[in-house]
Amino acid sequence: MVPSLVRLVAFLLLCGFIANSALAETLYHTFVIQEAPYTRLCNNTKNILTVNGSYPGPTLYARLGDTIFVKVINSGNKNITIHWHGIVQPRDPWSDGPEYITQCPIKPGGNFTQQIQISEEEGTLWWHAHSDFDRTTVHGAIVIYPKLNTTYPFPEPQEEFILILGEWWNQDVTQVYETAVLTGGDPAISDANTINGQPGDFAPCSANDTFKVQVEQGKTYLLRLINSAMSNEFFFAVAGHNITVVGSDASYTKPYVNEYIMITPGQTYDLLLEANQFPNSSSPYRYYIVATPFFDGNVAVSRNPNVTVAILEYKSNSTMPPIVPVSTSSLPNFDNTSAAAAFTDGLRSLASSDHPVDVPQTVDEHMFITIAVNEVECPVNTTCAGLFGTRFGASLNNASFQSPQSVDILDSYYSSINSGVYTPNFPNQPPVFFNFTGNIPFNESFTEKSTKVKVLEYNTSVEIVFQGTNLLTGENHPMHLHGHSFFVVGRGFGNFDNQTDPLSYNLVDPPYANTVGVPKNGWTTIRFRAANPGVWFMHCHFDRHNLWGMDTVFITKNGNSTDGSATVLPPPSDKPPC
Ligand SMILES: *[C@@H]1O[C@H](CO)[C@@H](O)[C@H](O)[C@H]1NC(C)=O
Ligand SMILES: *[C@@H]1O[C@H](CO)[C@@H](O)[C@H](O)[C@H]1NC(C)=O
Ligand SMILES: *[C@@H]1O[C@H](CO)[C@@H](O)[C@H](O)[C@H]1NC(C)=O
Ligand SMILES: *[C@@H]1O[C@H](CO)[C@@H](O)[C@H](O)[C@H]1NC(C)=O
Ligand SMILES: *[C@@H]1O[C@H](CO)[C@@H](O)[C@H](O)[C@H]1NC(C)=O
Ligand SMILES: *[C@@H]1O[C@H](CO)[C@@H](O)[C@H](O)[C@H]1NC(C)=O
Ligand SMILES: *[C@@H]1O[C@H](CO)[C@@H](O)[C@H](O)[C@H]1NC(C)=O
Ligand SMILES: *[C@@H]1O[C@H](CO)[C@@H](O)[C@H](O)[C@H]1NC(C)=O
Ligand SMILES: *[C@@H]1O[C@H](CO)[C@@H](O)[C@H](O)[C@H]1NC(C)=O
Ligand SMILES: *[C@@H]1O[C@H](CO)[C@@H](O)[C@H](O)[C@H]1NC(C)=O
Ligand SMILES: *[C@@H]1O[C@H](CO)[C@@H](O)[C@H](O)[C@H]1NC(C)=O
Ligand SMILES: *[C@@H]1O[C@H](CO)[C@@H](O)[C@H](O)[C@H]1NC(C)=O
Ligand SMILES: [Cu+2]
C-alpha cells in the first residue's frame, strides 16, 4: 500500500505542479542554429539557416513576469546573433542581441545563453537574428499570456493562430547581403511573400502547401500577426470578415474594428476574428487570409509586389466540392499612403484601470530626427550599383550610422575603454532645416558615415519628432527602438510645425509600441522615459535601410539608486568573445 500511496502523492504533487506553473518547464530552451533543406517555388531546394531545423522557428510561450532562458548554440557556418524583439530587458542589454551594438556575434561552434525577462509585455512579439540578413529565415513568435489568475481584457478566444508574414529568396540570402554590401546597390528583391513560410495559392508550385486554419461557425479566434519581412509592409485582411485589433506590439488596445490593417516589418498585432460567415452548406466555406505589399516609395521595382495568402476554412460536413475561395478581398492599392495612415491613426491604448498607461506629460530631452535615404560616394576605381553609380546610404539627422566591426558598443562603454568605436555626439537636430518634403536636388542627397550615439541621463523623459524627408525617395519608414516601448503621441503629413502640431498630441491613450511607421513625407512623435540603463539600438526595420545607416544608439547612464535597481547588470560570463 505504501508504494502506491507514495505514487498517489507524487501524482497529486505533479498535477499541482503542472496546474500552477504549466509553463515553468518550458522556460528553458535550446536554439541550435543549423542549416536545413527547404523547397519552395517549384523544386528550388536549398539549405537555409534555421533554429532547430524549423522555418519559421519555434514559438516561445511565457506569462508576464516570467524569465525565459535560451541557450543559443551556433552549429551553422557563419556568425550570428539573436534578438528578442519588443522585450524591454530591464537593465540587461547583454541579452538584447544586435551584432556589434550589444555583443560580438556567436561564432560557429560557440554558444551563448540569453535571458529574456518579460517585465511589462503581454500579447504577441517575436525573436529574430540580428546579424546580416539572417533574420530572413531565423525568426519565430513569442506568445506572452497574462499572469496566472488574470485574463485577457476581451472574451477568451476559442483558439489562437500564429501568422508570420515574411519573404522567401531562391538565392542564398547571405549572397544577397554580401552583394548589396559589395556593390552599394539595392539588395535583390525576394521571390515570394509568405505566410508562415508558404507563398500560398497564387505562387508557382505552392498551392499544395498553403497554410490553412480551421474554424467553427460562431466561435471567435485570436490571430497573432507578426511581420518578419525584410522589406515589405503589408495590408492584411481576411476575405468576408472584419478583424478587431485588441493588441499591438504586446500592449492592449481599445477594440478597433477594421476591414484591413497595415503592418510594418517589426510590428505585431493581436486580432480577434469572429467566424460569422458560412451560414449554410451552400455558402463558401473557405476564405482567403490575404497580405499584399504596401510600398509608397518612388522606386517601385525595389520590392516584391506579389500577394500571399493562407486559407480560413470552416469545419463542415458539406459534400459539395470545395468552393473556389472567394476573391482576395478589396485591399488598398500597394502605394495607398492614406489608407495606411487611416488604419494607423485609429489605434489607441486600452488605458483601462487594469492596464493603465503612464504617458510622459513633460519632456526633458527634445529630439528632432530627420530620416533620409541618401547616397554615399563610390570609392575611387570601384564600380557601385546605387543610383548614378554611387552607393546607397541612409541617415538620421544626416549621420549615416557605421556599425563597429571589432568590439561592440556595449562592451566598449561598459569597460570604459571607448576604444574609438563610437562618438557620443549624435545631434538633437539636423544640421540644417529646409523643406524636408519638397523636391530636393539629387546632388544634395549625399551623406557621410560615422558612429554617433546619443547619451541620456537616467530617467530622462525623451521626445523624438521623426521627420520623414523626400531625399531620393520619401516612403513610410518603420522605426524600431530596443530596450523600451514608447508612446506614439502624434503623426501627420508635411513638415512638422513645432507651434501647432503639438496641440494635437494624444497624451491620454496613445498606442504603446516598439516600432512605428513614420509616414511618407510626414512626421511621427514618440515619447518614452529613459529608465532602462544600457545600450539600445534604434533603427529602421527595413533591413536595407538598417544596413545603409538609418540607425543610431542610445546609451542610458546608470541612475543613482543605492540598491542597484538603476544600474546595468554585470555581463554574463559566457558572453561571446570579440
Ligand atoms: C529538381 O532539381 C534538381 C536539381 O536541379 C534535379 O536534379 C531534379 O531532377 C529536379 N526534380 C524535379 C522533380 O524536377
Ligand atoms: C558552450 O561553450 C562552452 C565554452 O566554449 C563550451 O565549454 C561548451 O561545451 C559549449 N556547449 C555546447 C552545448 O556547445
Ligand atoms: C490562483 O488562484 C488559485 C485559486 O483561487 C489560488 O490557489 C492560487 O494561489 C492563485 N495563484 C496565483 C499565482 O495567484
Ligand atoms: C511576382 O510578381 C512578378 C512581377 O509581377 C512576377 O513576374 C512573378 O512571377 C511573381 N512571382 C510569384 C512567385 O508569384
Ligand atoms: C499537389 O499534390 C498532388 C497530389 O499529391 C500532386 O499530384 C500535384 O502534382 C501537386 N502539385 C504541385 C504543384 O506540387
Ligand atoms: C465590417 O464592418 C463594416 C463597417 O463597420 C460593416 O459595414 C460591414 O458590414 C462589416 N462586415 C462584416 C463581414 O461584418
Ligand atoms: C458533422 O457531422 C457530425 C455527425 O453527424 C456532427 O456531429 C457534427 O456536428 C457535424 N459537423 C459540422 C461542422 O456540421
Ligand atoms: C585608380 O586607377 C588608376 C589607373 O589604374 C591609378 O592610376 C590610380 O592610382 C588608382 N587610384 C586609386 C586610389 O586606387
Ligand atoms: C515643401 O515642398 C512641397 C512640395 O514641393 C510643397 O508642396 C510645400 O508647400 C513646401 N512647403 C514649404 C513650407 O515650403
Ligand atoms: C546623480 O547624482 C549626481 C550627483 O549628486 C547628480 O549630479 C545627478 O543629477 C544624479 N542623477 C540622477 C539621474 O538623479
Ligand atoms: C521650431 O522650428 C524652427 C524651424 O522650423 C526652429 O528654428 C526653432 O528652433 C524650433 N523651436 C523649438 C522650440 O524647437
Ligand atoms: C565573426 O565574429 C568574430 C568575432 O567578432 C570576428 O572576429 C570575425 O571576423 C567574424 N567573421 C566574419 C566572417 O565576419
Ligand atoms: Cu527605412
Side-chain angles (χ1 to χ4, degrees), residues 33 35 49 72-82 94 97-112 129-134 138 172-182 215 217-221 223 235-246 254-261 271-280 283-290 312 314 325-332 339 342-343 346 377-384 389 391 402-412 415 419 421 451 547 571 574-578:
I33 309 295
E35 299 216 324
L49 210 52
V72 182
I73 300 174
N74 189 354
S75 299
N77 56 13
K78 70 188 294 289
N79 286 347
I80 200 163
T81 68
I82 306 288
W94 305 103
E99 186 180 42
Y100 295 121
I101 306 299
T102 61
Q103 69 170 88
C104 285
I106 309 171
K107 289 177 240 181
N111 64 77
F112 179 34
H130 216 300
S131 46
D132 301 354
F133 285 175
D134 300 330
V138 179
D172 180 346
V173 289
T174 299
Q175 271 172 25
V176 173
Y177 173 81
E178 286 174 353
T179 303
V181 170
L182 188 69
V215 298
Q217 218 276 345
K219 304 277 169 64
T220 297
Y221 296 83
L223 308 182
F235 290 115
F236 172 91
V238 180
H241 298 71
N242 286 336
I243 42 186
T244 305
V245 180
V246 291
K254 293 195 166 66
Y256 177 34
V257 183
N258 284 277
E259 292 178 4
Y260 68 89
I261 69 162
L271 308 169
L272 291 183
L273 178 116
E274 198 187 330
N276 58 5
Q277 298 301 304
F278 186 53
N280 58 58
S283 313
Y285 67 95
R286 286 179 163 194
Y287 296 82
Y288 275 128
I289 297 170
V290 193
L312 180 83
Y314 283 77
V326 294
S327 81
T328 51
S329 131
S330 51
L331 280 168
F343 166 73
E377 297 280 2
C378 190
V380 179
N381 289 353
T382 59
T383 311
C384 296
R391 292 178 65 89
Q402 173 70 60
S403 183
Q405 275 156 17
S406 52
V407 179
D408 58 281
I409 292 177
L410 174 58
D411 272 291
S412 179
S415 61
S419 38
V421 300
T451 307
L547 169 67
D574 63 339
K575 112 186 134 63
C578 290

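The analysis underlying the following values was restricted to heavy atoms, covering all of them including side chains, and did not include hydrogens, waters or symmetry mates. Atoms within each ligand, like the ligands themselves, are counted from 1 in listed order.
The proximity of Lys107 to ligand 12, defined as any non-hydrogen pair under 4.0 Å, is limited to the side chain.
Those atoms of ligand 6 with a heavy atom of Glu259 less than 4.0 angstrom away are 3 (C). Each of the atoms 13 (C) of ligand 6 lies under 4.0 Å from some heavy atom of Gly240. Listed by atom number, the atoms of ligand 12 under 4.0 Å from Pro105 heavy atoms are 2 (O), 5 (O).
Here NE2 of His241 is found 13.0 Å from CG of Leu272. Values are rounded to the nearest 0.5 Å. How far CD1 of Ile106 is from CD1 of Ile80: 7.5 Å, rounded to the nearest 0.5 Å. Once rounded to the nearest 0.5 Å, the distance linking CD1 of Ile261 with CZ of Phe236 reads 6.5 Å. For the atom pair Phe133 CZ and Leu547 CG, the distance stands at 5.0 Å (nearest 0.5 Å). Within the model, atoms CG of Leu182 and CD of Gln175 stand 12.0 Å from one another, a figure rounded to the nearest 0.5 Å. With rounding to the nearest 0.5 Å, the separation of OH in Tyr260 from CG in Asn242 is 12.0 Å.
On a distance-only criterion, Asn79 and ligand 12 share at least one N/O pair closer than 3.5 Å. Considering backbone and side-chain atoms together, Asn276 places no N or O closer than 3.5 Å to any N or O of ligand 6.
The contact shell of ligand 8, taken as protein residues with any non-hydrogen atom closer than 4.0 angstrom, comprises Val380, Asn381.
Nearest heavy-atom pair across Gly389 and Cys384 is O-CB, 3.5 Å.
The closest donor-acceptor contact from the side chain of Tyr288 to the backbone of Ala237 lies at 3.5 Å or more, if one exists at all. Proximity of a side-chain donor or acceptor of Tyr221 to a complementary backbone N or O of Ala275 within less than 3.5 Å is not detected.
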